[in-house]
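Everything below concerns the one structure shown next.
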Amino acid sequence: MENERVLILDAVKQVGKKVKLQGWVNTFRDHGKVSFIDLRDTSGVVQCVVVGNKEKITDESVVEIIGTVKERPKESVNKDLPTGGVEVEAESLKVLNLALELPIPVQGDGYDINEEMRLKYRYLDLRRERLQKIVKMRSKLVQAMREKLFEYDFLEIETPMLTKGTSEGARNFIVPSRLNPGKFYALPQSPQQYKQILMVAAMEKYFQVARCIRDEDLRSDRGFEFTQLDLEMSFVSQEDVMRVVEDVVKYAVKSVGANLKDEKFPVINYEDAMKEYGSDKFDLRTEKEKKENVLAFAWVVNFPFFKKVDKEDAAEVEEGRSGWVFTHNPFSQPHEEHLDWHLKGEHIPEIKAYQYDLVCNGLESGGGSIRAHDPKVLRATYEIMGYSEQDIEENIGHMLEAFSLGAPPHGGIALGIDRLIMILAGESSLKEGIAFPMTGAGKTSVMDAPSPVSKDLLKELGIKLVKESVDAVFQRVKSILDAAEVRYEVIEHKEVKTSEEAARVRGTSMDMAPKAMVMKKKSGGMVMVCVPADRKVNIKAVKDVVGEPVEMASPEEVEDKLGVKVGAVPPFGKVFGIEMYLDREFWKKDEVVFNAGRRDRSIKMKASDLIKAAEPNPASSEADFKK
RNA sequence: GGGGCGGUAGUUCAGCUGGAUAGAAUACUGCACUGUCACUGCAGUGGUCGCGGGUUCGAAUCCCGUCCGCCCCGCCA
């Protein structure tokens, strides 16, 4: 028994028993002969007493403690700690992983720490109590949604992540296809079309906890990726969908302890909402309810199907070829009594759609609609927006075809999970509810994406960059140096064009600078030859070492093939995937300085480290390429 | 694409109307301590003041440029 790890929450109930605990050092208080460790695991914190400790222990280290659970002496009971009535008297202590000095504090709520630091060290940030609670709450919420949906006989079905881009709406994130060079997949903005196709596929009730991805500029509360509870049902009315969704939402939020303002969500007309609140995203809570973090859900219904294009909005002008665009979703079904207008394209501003939004505490929490399952109706929607026959075919031809082969009436909704979690946790940023969110600049947590890819990979994908970022080659050199674990110094200076100029601004001599000359081989392909910047290259000598005739590449060819200007080519053949020869001078030198992809940056390092990192052809260590 | 704000010990910040050896809290290191619980006491380490250029006898402080970050508008069916 005592060989098995016990959670703190269970251990504290076993007074008198011997237990094995494993967890993190919350705090360590050393009193010489006796010391105290507040040990933390997923279930809680408990004080462990260690007598005669010799081990080095730091905050946030991972330790194993075997000891006996004891009632604390009356005078040392800690009322502020849930487990403060007991403590574990350690008989053995093992450090499983010693933590070094922490880059960010784990104690506290973390609000005052730089977001960039929090995300870079997200694995530390997530240890804090506040985030542990949110992550657990999110898991529980989604679990409850699943439970309820399975009760209703929904099927959980996955739809592709690599799919076809939709031309309207947000910008697509695209993924190059290696097997089809020059062609691209798009990451889904939502599973909208697939889920409707699943209805045509007779799945009747579908749901998915779906990741949606949109390449639009970021905000504090908007990342590229977000998560939706996406569902769709066949043979249903608007009221049917709303009833099921309301049940699922209520069950899920209650399972994480939320209080609802209304047991039955109010249903409000779009027009009334606009009149009453000036917005279709209104907050029904009183001041008191706001303080208590009560959830005030409401439905908004009877939205107009179309709106006039905002002339100020260039994208909408382009989009709405006729001057009309849909307000929510082009796949919606118009109200029965407006169906005739819709098919004929009359009274367009008066056409209402079976669309419903779920709002919560002033935020849009979800939106859905009964869909058009008759191809005539869907086609009419696009005709109203002014799409040509050809545009329609290109955009939704596959949907029209599917709807002509036995499509049931259907409808559904998508609920934003990130936003719901944010509201439930009482947070003001979506990122607090996401385990690994992005920074505002689109950088990923912990890992440093996006990052450049090799020329080879681009070639394989059939992609040629119109203009490589000024920094790309410089960054690639840096990552080679970092990978080789060598030290180097980056010197910033004004832009230079020649080696003489470079040597002058750096205050270094020209013979310290390996000048990278790019040459073409007779058999095709290129080689790089590095000689001191104050010397010229002896083509004959190169030919002897390479073993075939070579000639100088023109500046245009260099820039075209390597993406770097002459004069800024770094002495790193492998950055460009070409063989490199280094004149024997450099195999003896102490230090080297060179431009690396940028004319305003130089890198200074040991010559031996350059050889280690750049891996020139070993045969060149004895070669003299100078003239 | 446009606008606003910021960048100083590991972290959070002060200093910024030019005149230091650049501070505080916390973290970290060492010593002392058998009852603490944010332990305490003593001693200590730690800085290219984002980077580059300029003005000046003198720049963390003023000017120009640049990079990075945060927020907002546009955009997000």
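Throughout, protein chains are lettered first and strands after them, A, B, ... in sequence-line order, and every chain is numbered starting at 1. All values derive from a computational prediction rather than experimental measurement.
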For a quick check of understanding: with a heavy-atom distance under 4.0 Å over all strands, which category does [X] fall into, base, sugar-phosphate or nothing?
| X | answer |
| --- | --- |
| A/E101 | base |
| A/K79 | nothing |
| A/D38 | sugar-phosphate |
| A/R171 | nothing |
| A/E75 | nothing |
| A/T439 | sugar-phosphate |
| A/E87 | base |
| A/D112 | sugar-phosphate |
| A/D30 | base |
| A/S76 | base |

Measuring from the side chain of [X] (C-beta onward, heavy atoms only), which nucleotide among [options] has the closest atom?
| X | options | value |
| --- | --- | --- |
| A/F326 | B/C37, B/U36, B/A77 | B/A77 |
| A/K56 | B/A77, B/U29, B/C37 | B/U29 |
| A/N114 | B/C75, B/G69, B/G35 | B/G69 |
| A/E216 | B/G30, B/C75, B/U36 | B/C75 |
| A/E115 | B/A77, B/G35, B/C71 | B/C71 |

Q. Do side-chain atoms of A/T163 reach the backbone of A/P160 as a donor and acceptor pair under 3.5 angstrom?
A.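 Not at all, since once roles are kept as given, no pair shorter than 3.5 Å links the two residues.
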Q: Please check if the side chain of A/N26 supplies one atom and the backbone of A/L39 the other of a donor-acceptor pair under 3.5 Å.
A: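 Not at all, since once roles are kept as given, no pair shorter than 3.5 Å links the two residues.
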Quickly work out the [X] [atom1] to [N] [atom2] distance and round it to whole Å.
| X | N | atom1 | atom2 | answer |
| --- | --- | --- | --- | --- |
| A/D59 | B/C28 | CG | P | 5 Å |
| A/I57 | B/C37 | CD1 | P | 18 Å |
| A/M117 | B/G7 | CE | C1' | 13 Å |
| A/F28 | B/U29 | CZ | P | 11 Å |
| A/E89 | B/U34 | CD | C1' | 12 Å |
| A/N172 | B/A77 | CG | C1' | 12 Å |
| A/Q47 | B/C37 | CD | P | 10 Å |
| A/Q355 | B/A77 | CD | C1' | 10 Å |

Side-chain N or O of [X] closer than 4.0 Å to phosphate OP1/OP2 of [N]:
| X | N | result |
| --- | --- | --- |
| A/K443 | B/G69 | yes |
| A/R219 | B/C73 | yes |
| A/K307 | B/A77 | no |
| A/R29 | B/U36 | no |
| A/R214 | B/A77 | yes |
| A/T27 | B/C39 | yes |

Can you check the distance between [N] and [M], where both ends of the measurement are the [atom1] atom (answer in whole Å)?
| N | M | atom1 | answer |
| --- | --- | --- | --- |
| B/C28 | B/G10 | P | 14 Å |
| B/U8 | B/A22 | C1' | 8 Å |
| B/G65 | B/U26 | P | 41 Å |
| B/A27 | B/G41 | P | 12 Å |
| B/G15 | B/C57 | C1' | 23 Å |
| B/U17 | B/G50 | P | 15 Å |
| B/C62 | B/G1 | P | 29 Å |
| B/G47 | B/C39 | P | 27 Å |

Q) For RNA chain B, whose closest nucleotide is more 5', that of A/E116 or that of A/I104? A) A/I104
Q: On RNA chain B, check which nucleotide each of A/T58 and A/G32 is closest to and give me the residue with the more 5' one.
A: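 Final value for this comparison: A/T58.
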Q: Would you please say whether a donor-acceptor pair under 3.5 Å links the side chains of A/Y354 and A/R371?
A: no
Q) Are side-chain N/O atoms of A/H328 and A/S369 paired as donor and acceptor at under 3.5 Å? A) no
Q) Do A/F303 and A/Y270 have ring centroids that are under 6.0 Å from one another? A) yes
Q: Answer yes or no for this row: A/H31 ring on B/U34 base, centroids under 5.5 Å, planes under 30°.
A: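 Here the ring of A/H31 and the base of B/U34 are not stacked, as the 5.5 Å and 30° limits are not both satisfied.
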Q: Step through the shown structure and confirm whether more than 12 heavy atoms of other residues, nucleotides or ligands are within 6.0 Å of CZ on A/F224.
A: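 More than 12 within 6.0 Å, yes.
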(Q) Tell me whether A/E60 is salt-bridged to A/R40, with the criterion being a basic N under 4.0 Å from an acidic carboxylate O. (A)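 Salt bridge: yes.
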Q.
Check this for me, if you would: do A/D38 and A/R29 make a salt bridge, where the nitrogen-to-carboxylate-oxygen distance has to be below 4.0 angstrom?
A.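 Salt bridge between A/D38 and A/R29, a charged N being under 4.0 Å from a carboxylate O: yes.
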